[in-house]
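Along the sequence shown, residues are numbered consecutively beginning with 1.
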Amino acid sequence: LLFRTGNTERMRIDSSGRVLVGTTDTPSKLTVDTDFCVVRSSSDPTINLLLGSSSSITQIYRILIDDSDSDKLQIRSGDTPRVTMTTGGFVGIGQTNPSQPLHVLSTTNPAILARNDSGGTGIRMQSDSGSACSLSFSDLDAHNQGLVMYHHADDRMQFNTAGSDR
């Protein structure tokens with residue numbers, strides 16, 4: 001079944017039941033070439049990705065705009081937010097209100113793992129030559145209680161424990 005405007009094919013449903021928009025070949029049941037849009041005037045426009053059959057769904061992942069929470073973009077497992085991006089570009093993993101460009105909230109230890117199975121691994125902190133890079137240790141009540149800081153301007157390391165320079 002072909003859908004045309006003028007002499008140009010716009011969409012087809014082939015003999016296998018696949019729907020093709022803007023293309024004539026695909027291994028998938030639905031293919032949209034270039035762009036597609038989900039429009040919903042209210043109540044969280046959502047794309048649902050379902051695993052299992054239509055009668056026995058085993059896992060649901062959702063990509064949505066949460067219009068009840070400042071229009072944040074979320075990726076959810078079922079109804080549980082896993083990744084949130086604010087309209088300002090802050091990303092939260094396990095955190096729906098990220099307060100930094102990357103905000104990770106986890107109940108596992110470690111919350112972040114850097115691993116390279118074919119050699120060494122590392123974490124790089126980089127800033128301009130007049131600034132400093134730091135690794136801060138704190139809890140909810142006391143910030144920067146433990147601190148390791150490198151000052152680029154005068155090429156020195158600073159170590160703090162119990163909130164004081166050592």
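With a 4.5 Å cut-off on side-chain heavy atoms, Asp69 and Asn97 count as touching. In this structure, Thr96 and Gln74 have side chains that are in contact, with non-hydrogen atoms separated by less than 4.5 Å. Ile47 places a side-chain heavy atom less than 4.5 Å from the side chain of Phe36. At a threshold of 4.5 Å between non-hydrogen side-chain atoms, the residues Asp139 and Gln145 do not count as touching. Put simply, the side chain of Thr86 reaches to within 4.5 Å of the side chain of Pro98, judged on heavy atoms. Counting only heavy atoms from C-beta outward, the side chains of Met85 and Ile75 never approach each other to under 4.5 Å. For the pair Ile93/Leu102, a side-chain contact is recorded, criterion being any heavy-atom separation below 4.5 Å from C-beta on.
Phe137 and Ile123 are not part of a single hydrophobic cluster, where members link through side-chain heavy atoms under 4.5 Å apart. Residues Leu49 and Leu51 fall into different hydrophobic clusters, defined by Ile, Leu, Val, Met, Phe, Trp and Tyr side chains chained together at heavy-atom separations under 4.5 Å. Leu2 and Val19 fall into different hydrophobic clusters, where Ile, Leu, Val, Met, Phe, Trp and Tyr residues are linked whenever their side-chain heavy atoms come under 4.5 Å apart, directly or through other members. Linking ILVMFWY side-chain heavy atoms closer than 4.5 Å, directly or via other members, places Val21 and Ile13 in a single hydrophobic cluster.
At most 12 non-hydrogen atoms from other residues, nucleotides or ligands lie less than 6.0 angstrom from OH of Tyr61. Counting non-hydrogen atoms of neighbouring residues, nucleotides and ligands closer than 6.0 angstrom, the CG atom of Asp154 exceeds 12 such neighbours.
Thr23 pairs with exactly one of Thr31, Thr34, Val32 by the side chain to side chain contact (heavy atoms under 4.5 Å, CB included) rule, that one being Thr31. Put simply, the residue from Ile63, Ile60, Leu64, Ile57 that forms a side chain to side chain contact (heavy atoms under 4.5 Å, CB included) with Asn48 is Ile60.
Taking the charged nitrogens against the carboxylate oxygens, Arg76 and Asp44 have no contact shorter than 4.0 Å, which rules out a salt bridge. Salt bridge status for Arg12 with Asp14: absent, with no side-chain N to carboxylate O gap under 4.0 Å.
Glu9 and Arg4 make their closest contact through CA-CG, 3.9 Å (heavy atoms, listed as atom of the first residue, atom of the second, distance). The two residues Gly120 and Asn116 come nearest to each other via the heavy atoms O-ND2, 3.1 Å. For the pair Ser28 and Arg18, the tightest heavy-atom approach, listed with the atom from each and the gap, is O-CD, 3.3 Å. Shown here for Ser134 and Met125, the closest heavy-atom pair between the two residues is O-SD, 3.2 Å.
In terms of the ring-ring contact (aromatic ring centres under 6.0 Å, His included) criterion, residue partners of Tyr150 (sequence neighbours excluded) are, by chain and number, His152. In terms of the side-chain hydrogen bond (donor to acceptor under 3.5 Å, both in side chains) criterion, Asp35 has no residue partners (sequence neighbours excluded).
Side chain of Arg62 to backbone of Ser77: no donor-acceptor contact under 3.5 angstrom is found.
In this structure, CG on Asp128 lies 9.0 Å from SG on Cys133, to the nearest 0.5 angstrom. The structure places CD of Gln59 at 9.5 Å from CG of Leu50, a figure rounded to the nearest 0.5 Å.
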Could you list the donor-acceptor pairs under 3.5 angstrom formed by side chains in residues 104-111, with sequence neighbours left out?
{"residue": "Ser106", "atom": "OG", "partner": "Thr108", "partner atom": "N", "Å": "3.0"}
{"residue": "Ser106", "atom": "OG", "partner": "Thr108", "partner atom": "OG1", "Å": "2.7"}

